[in-house]
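Order of the sequence lines sets the chain letters (A, B, ...), proteins ahead of strands, with each chain counted from 1.
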There are 2 protein chains.
Amino acid sequence: MFSIGQLSKATGVKVPTIRYYEEIGLLPAPGRNAGNQRRYGQGGMDTLGFIKHARDLGFSLEDIKSLMGLDGHLGDDCAAADKIARSQLANVRDRIRKLEQLATELERISHLCDDGNGGCCQVLTALGDHRLCAGDHS
Amino acid sequence: MFSIGQLSKATGVKVPTIRYYEEIGLLPAPGRNAGNQRRYGQGGMDTLGFIKHARDLGFSLEDIKSLMGLDGHLGDDCAAADKIARSQLANVRDRIRKLEQLATELERISHLCDDGNGGCCQVLTALGDHRLCAGDHS
DNA sequence: CTTGATGCTCTAGTGACTAGAGGTCCTACT
DNA sequence: AGTAGGACCTCTAGTCACTAGAGCATCAAG
């Protein structure tokens, strides 16, 4: 049996966050000891580990709810899980693409001060005028 | 003179968002007409364009406040602006790196179902056990 | 038996908006 | 001049995924 603090240390999920997950029905409410404190078993540990890992991979809590069964246990609908994972992958790829455009643009802007082309500050001008952009981000 | 709707169309910033920017002191409150409706000049248009572009580049509203003068006009402190832009670039690069790790991991997970290695669902197992990860994301 | 860490509930705040209610105003058309 | 419908106004509350703090109870070690 683990206290909420031990669970927190073991999984890397902060204590208030664990209580929050319970509140929104993501993590099943565990039993309590005589002093009304939460006591978790291995099942709670596994479920929280699952949630943590999925969150690190960028899944929303809504996605995670879908990935787990309605009763709070891990589901086993492979096709659905695979679909969510693939859509998440597409999402991540898209974010990478957008961020790369931004990095290009920011790099260009950052170099404006180096060139010494008639004094600063070109950075603010570049930020102010989208037409000066090289790429077509967003 | 532009109405808030015209400003919205011209800049691509939604009407409630413009009012929100005004409320938090990012966009100076414009004059009103006889019927208490906002009327913007070119200055308002420019400032909102600046905000929009900076937001698209991933700057926080707090960053944008720093980039603009305290009185709501565009500032001209080049060194400070450059510092913010560079820190934003580093931030974006970091996010790209993390997302690439996630994409790798998600790709691996998504392929588990293809392999047909003893039946599904490996996706949920992989999500549940961080130790099965190839890379060390997060 | 005390001390300090850990736990409890509850409320409110974060960032950057978004949605809706309920009302007023402007503009174009008849 | 009247009217229909869109645009505008303020205000409140909701979103997501937490985070912070108040004020109290409980637990474990010395």
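- The two residues A/Gly44 and A/Leu27 come nearest to each other via the heavy atoms O-CD1, 4.1 Å.
- Here B/Ser3 does not reach the OP1 or OP2 of D/dA7: none of its side-chain N or O atoms lies under 4.0 Å away.
- Side chain of B/Tyr21, nearest nucleotide from C/dC17, C/dA16, C/dT9: C/dC17.
- Here B/Ile4 lies in heavy-atom contact (under 4.0 Å) with sugar-phosphate atoms only.
- Nearest heavy-atom pair across B/Met45 and B/Ala10 is CE-CB, 3.6 Å.
- Among D/dC9, C/dC8, D/dC18, the nucleotide with an atom closest to any side-chain atom of A/Leu61 is D/dC18.
- Not one side-chain nitrogen or oxygen of B/Arg38 sits closer than 4.0 Å to the OP1 or OP2 atom of D/dC8.
- Of the candidate nucleotides C/dC8, C/dC17, D/dC8, D/dC8 has the atom nearest to the side chain of B/Val15.
- Shown here for A/Leu89 and B/Ala103, the closest heavy-atom pair between the two residues is CD1-O, 3.5 Å.
- The CD1 atom of B/Ile24 sits 13 Å away from the C1' atom of C/dT14 (whole-angstrom rounding).
- Counting to the nearest Å, the C1' atom of C/dA16 and the CZ atom of B/Arg19 are 16 Å from each other.
- Remark: P of D/dA17 and CD of A/Glu62 are 8 Å apart, rounded to the nearest angstrom.
- One finds a side-chain N or O of B/Thr17 lying less than 4.0 angstrom from the OP1 or OP2 phosphate oxygen of C/dT18.
- Atom CG in A/Asn33 sits roughly 10 Å away from atom P in D/dT26 (whole-Å rounding).
- Here D/dC27 is the nucleotide among C/dC17, D/dA17, D/dC27 with the atom lying nearest to any side-chain atom of A/Gln37.
- Rounded to an integer number of Å, the gap from B/Glu22 CD to C/dA16 C1' is 16 Å.
- Counting heavy atoms from C-beta on, the side chains of A/Thr17 and A/Tyr21 come closer than 4.5 Å.
- A distance of 9.5 Å separates CZ in A/Arg55 from CG in A/Leu26, rounded to the nearest 0.5 Å.
- If B/Lys14 and A/Gln6 are placed on DNA chain C by their nearest nucleotide, the residue sitting closer to the 5' end is A/Gln6.
- Proximity of B/Arg32 to the phosphate of D/dT10: a side-chain N or O atom is located under 4.0 Å from OP1 or OP2.
- Map B/Arg55 and B/Ala34 each onto its nearest nucleotide of DNA chain C; the residue landing nearer the 5' end is B/Arg55.
- OP1 or OP2 of D/dC16 has not a single side-chain nitrogen or oxygen of A/Tyr20 nearer than 4.0 Å.
- The separation between B/Tyr40 atom OH and D/dC9 atom P is 7 Å, rounded to whole Å.
- In this structure, A/Glu100 CD and B/Glu100 CD are separated by 6.0 Å, a value rounded to the nearest 0.5 Å.
- Annotation: of the two residues near DNA chain D, A/Ser60 and A/Arg39, the 5′-most nearest-nucleotide partner is A/Ser60.
- For B/Asn36 and D/dC8, the CG to P distance is 13 Å, given to the nearest whole Å.
- We find that CD of A/Glu23 is positioned 11 Å from C1' of C/dT11, with the value rounded to whole Å.
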